[in-house]
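It should be emphasised that the depicted structure is a prediction, and the values quoted were computed from it without experimental measurement. Reminder, nothing fancy here: chain letters follow the sequence lines and each chain counts from 1.
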Amino acid sequence: MTNSFSEFRNAKCFLCIGTNMTEAHPVAATFLKNAVRNGATLIVVDPRKQPLVKHAKLHAQIKVGTDVAFLNGLMYVLIKEDLYDKEFVEKNCLDFEALKETVMKYPPERAADICKIKPELIVEIAKTLASVKPAMLCYTLGITEHTCGKNNVMSTANLQMLLGNMGMESAGVNPLRGQNNVQGACDMGALPNVYPGYQKVIDPAAKEKFEKAWGVTGMSDKNGIMMPDMMDGLVSKKIKGFWIFGENLANSEPDISHVEHCLESAEFLVVQDIFPNETTKFADVILPSAAWSEDNGTFTSSERRINRVRSVKNPPGIAKPNWWIFKELAKHMGHNWPSNSGQELWDNEISVLAPAYSGVKYSRIENDGLQWPCPTVEHPGTKFLHKDGKFSHGKGVFKSVEWTPPAEVEDKDFPFVLSTGRRLYQYHTRTQTGRAGMDALYKEETADISVADAERLGIKHGEKVYVESRRGKVHVSARVTEEVPAGMVWMTFHYREGNANWLTNPAFDPETKTAEYKACAVNVYK
Amino acid sequence: MNITINGKQVEAREGQTVLQAALAAGIYIPHLCYHEKVGVAGKCRACVVEIEGMRGLQTSCSVIVKEDMNVTTNSPTVLNAQRLVVDLMLSSGTHDCLACEQNGNCELQDAAYYLGIERPSVQYGEINREFDISSEFIYVERNKCISCGRCVAACNNVVVNEVLDFGHRGHHTEIVFDADKKMGESTCVQCGECVQICPVGAIVEKKNKGRSRYWETQKVRTTCPYCGVGCQLELHVKDDQIVKVTGVEDAEPNKGRLCVKGRFGYDFIYSKDRLTTPLVKEKGQFREASWDEALGLIASKFKAIIEKDGPDAVAGVSCARSINEDSYSMQKLFRSVFKTNNIDHCART
């Protein structure tokens with residue numbers, strides 16, 4: 001997030017696109033609802049009538065996978081009617097002309113035709129956005145989990161720059177992260193192209209710095225590969241040793257049959273986790289980990305806030321903290337690492353090596369955490385980024401993008417679009433919530449379908465149906481609901497049985513390698 | 001500005017109420033409907049005080065401070081009035097503390113203690129209301145409800161879930177869920193804001209029932225293990241058991257608010273399914289192994305693969321749930337020991 005949750009309070013307008021905040025980030029949604037109660041305008045862009053819609057002034061119920069067309073349509077109106085923030089754009093942004101050229105191809109009539117909404121709604125939303133400031137744009141995986149995910153993200157940034165909604169309080173582009181420490185895992189360099197603090201592995205100076213700090217030579221100077229390529233590499237034998245730490249890939253990745261084939265093909269697989277799950281069964285070695293509340297450390301939240309996590313008990317049996325496991329393995333390979341606790345790792349290594357976190361020390365985050373960038377121990381942390389339009393990398397560059405449809409669209413044999421997400425009472429593959437009593441509140445996977453389709457197909461609420469894609473078939477109860485538009489099926493990946501990932505399409509954004517969980521073609525029948 | 005409370009000069013801020021100024025100065029005034037989060041209700045009248053120049057007793061929760069205001073909170077008139085209010089509240093329900101979950105953390109109990117009320121002077125009110133145990137995680141005992149309205153205000157104005165309200169009339173007035181449904185059958189999403197704000201033991205959580213008393217638990221602040229909002233939790237820990245979770249009031253970003261998973265989804269760590277020892281697969285079956293054996297095996301296998309096929313023949317996926325220090329260590333292992341950048345995590349799911 002460029003901005004912070006505490007800034008929800010003073011926002012005058014919210015554009016929530018592809019975020020089912022009420023269920024996936026419930027506490028954030030309460031602050032948003034407070035702001036709406038106090039007069040802020042809420043605009044929801046979502047294919048479903050999800051719970052936020054009840055609080056919205058305007059709802060653009062766009063067709064799945066048409067976000068770029070919609071956002072370009074808004075920008076067409078803003079530019080055509082001269083409603084954008086010219087001062088901000090001239091002072092702080094580059095490549096406006098290129099953006100203009102692209103979005104001019106998306107007059108409201110065309111955009112509306114792609115999105116299957118009324119052109120007047122695009123005009124009204126554009127005018128509403130132009131009339132109030134500051135406005136916060138919030139998104140979640142509805143934007144990123146598409147083959148055009150990166151372009152979707154670019155478009156949200158284009159819109160907020162065009163509106164001058166950047167670099168100030170209660171504005172910005174705000175992706176809410178789905179997992180507690182997905183921000184932190186990125187920040188720590190658990191990515192194939194960057195060291196901790198986003199220092200590039202292909203930068204020789206950065207490589208030298210880390211080699212020196214870690215007391216080694218000969219580290220790789222080329223980017224590694226991303227997870228989908230690792231999985232395929234197991235089949236092609238490009239990857240022979242694979243180590244999975246705390247992810248249940250056999251349930252969470254698209255096209256389970258394919259994923260299991262990949263895991264089966266691994267020559268040597270290590271799985272490190274707190275529970276046996278669908279992935280551990282493929283392992284050659286299983287390592288038992290300390291869980292949340294069994295180790296001291298930090299999580300970094302969506303708003304870049306580094307928060308303390310504390311231990312209240314020892315891990316069961318001889319399970320060990322994860323950092324200990326990595327340290328011991330290094331020792332087995334002849335490397336002696338100095339740090340011996342979360343605090344030593346953070347205070348003596350991470351904060352020393354990554355300038356953005358240099359000012360963050362455990363002694364400073366006893367209570368509320370600190371938001372990076374926080375370069376010195378006197379620095380108060382950064383509530384919002386790009387202050388006064390001064391972007392971290394110089395000027396804000398408009399990246400104009402064209403709309404592209406999902407990799408797999410509906411046809412005669414598979415006439416529905418399947419979109420996926422999360423439900424309030426469960427979390428991911430239920431390894432945690434399934435052992436904390438939440439099953440009582442959401443007992444089994446369902447296929448959410450519209451009232452119109454249910455009537456047309458003679459399907460009753462609660463009746464078992466088949467949902468089938470080119471990759472697999474599941475047998476689940478139908479949940480007939482007003483939330484879902486005709487032509488759509490909506491499901492989650494919480495349960496093994498009826499898991500949407502038996503059906504989803506392993507088509508990825510070419511750059512981010514994010515899978516298109518939000519759109520594939522399916523059929524529904526009794 | 002300065003005001004005087006019980007003859008003592010006290011600093012107060014512009015716009016504060018007398019109650020807020022007193023509490024900030026460490027002067028206790030009983031108050032049961034007012035809570036910082038839901039603001040002034042002016043209902044319970046337990047906070048009455050004398051203010052020089054104002055006629056009769058005033059509810060300190062609703063009077064804004066003025067320069068040189070002279071407030072008395074401990075005169076016999078004030079205490080008698082407060083006593084009457086609290087006495088009648090105690091009389092109106094089953095405020096028997098012995099097995100109450102809220103014992104030791106009950107604002108009605110605190111008020112009664114302060115005012116020296118051993119027993120209510122009139123008989124208990126009618127006690128025929130059923131307990132509502134229909135909700136999975138929350139237990140409602142209306143006999144203990146003092147109709148302060150905090151839960152109703154919190155449900156509607158803080159978390160804006162709009163489920164709780166007052167229903168029925170007169171003596172039969174009580175809190176209701178939706179149009180008088182059982183809690184478990186209503187649209188309640190069990191965020192537990194009502195549990196956290198209830199001053200008595202009328203809305204309590206089930207998981208802790210009979211397991212710990214408030215004073216037995218150690219309170220440990222931590223961060224929620226679910227979504228990426230980063231809510232701050234207070235773990236209530238007895239021995240090595242988390243018996244309850246509350247939101248940390250005044251903490252960024254959640255200001256005490258939680259969701260159903262954050263508040264009630266903590267006990268997965270105690271599951272008997274936990275992995276407790278390294279396991280090594282042999283002829284298709286897992287068998288227990290020591291750390292030394294398991295790590296030795298991984299080291300030799302990875303070493304052999306790297307020697308034969310190069311460092312880029314190994315790859316790893318880190319965990320987006322675990323602490324920063326773990327992801328840091330895993331990428332350090334892959335980069336500095338294995339000499340590959342094939343390290344990624346589940347950022348995109």
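Using a 4.5 Å cut-off on side-chain heavy atoms (C-beta onward), A/Asn367 and B/Gln232 make no contact. Side chains of B/Val189 and A/Leu424 form a contact here, defined as non-hydrogen atoms less than 4.5 Å apart. In this structure, the side chains of B/Leu275 and A/Ile286 come closer than 4.5 Å at one or more pairs of heavy atoms. Contact annotation: the side chain of B/Asn324 never approaches that of A/Phe299 to less than 4.5 Å [non-hydrogen atoms, C-beta and beyond]. Within the 4.5 Å cutoff, the side chain of A/Trp292 has no heavy atoms near those of the B/Arg321 side chain. A heavy-atom distance below 4.5 Å is found between the side chains of A/Lys313 and B/Tyr270.
Looking at B/Val337, both its backbone and its side chain come within 4.5 Å of chain A, counting heavy atoms on both sides. Interface residue A/Gln432: backbone and side-chain heavy atoms are both found under 4.5 Å from chain B. Heavy atoms closer than 4.5 Å to chain B are found in the side chain of A/Val216, but not in its backbone. Heavy-atom distances place no part of A/Ser4 under 4.5 Å from chain B, backbone and side chain included. At a 4.5 Å heavy-atom cutoff, the contact between A/Lys222 and chain B is made by backbone and side-chain atoms alike. Looking at B/Thr277, both its backbone and its side chain come within 4.5 Å of chain A, counting heavy atoms on both sides. For chain B, the nearby parts of A/Arg310 are the backbone and the side chain; heavy atoms of each come within less than 4.5 Å. Using a 4.5 Å cut-off between heavy atoms, B/Ile343 contacts chain A through both its backbone and its side chain. Only the side chain of B/Cys231 comes within less than 4.5 Å of a heavy atom of chain A; its backbone N, CA, C and O stay farther away. Only the backbone of B/Asp250 comes within contact range of chain A, with heavy atoms under 4.5 Å apart. Heavy-atom distances place both the backbone and the side chain of A/Lys320 under 4.5 Å from chain B. In this structure, chain A has a heavy atom under 4.5 Å from the side chain of B/Lys207, while its backbone stays farther away.
Below 4.5 Å, heavy atoms of chain A meet heavy atoms from B/Val237, B/Asp240, B/Ile242, all part of residues 237-246 of chain B.
Looking at B/Asp267 and A/Arg435, no side-chain N of the basic residue comes within less than 4.0 Å of a carboxylate O on the acidic one, giving no salt bridge. Classification of A/Arg37 and B/Glu162 as a salt-bridged pair holds, one side-chain N sitting under 4.0 Å from a carboxylate O.
Side-chain atoms of B/Arg335 come within 3.5 Å of backbone atoms of A/Gly189 as a donor-acceptor pair (strictly under, hydrogens ignored).
Residue B/Asn157 holds its CG atom at 12.0 Å from OG1 of A/Thr30, rounded to the nearest 0.5 Å.
Contact record, B/Leu333 with A/Trp243: CD2-CZ3, 3.8 Å, taken as the closest heavy-atom pair.
The candidate with the highest count of non-hydrogen atom pairs below 4.5 Å against chain B, out of A/Arg177, A/Lys327, A/Gln426, A/Met438, is A/Met438.
Listed by chain and residue number, B/Phe264 satisfy the ring pair (Phe, Tyr, Trp, His ring centres under 6.0 Å) test with B/Phe137 (two or more places apart in sequence, or in another chain).
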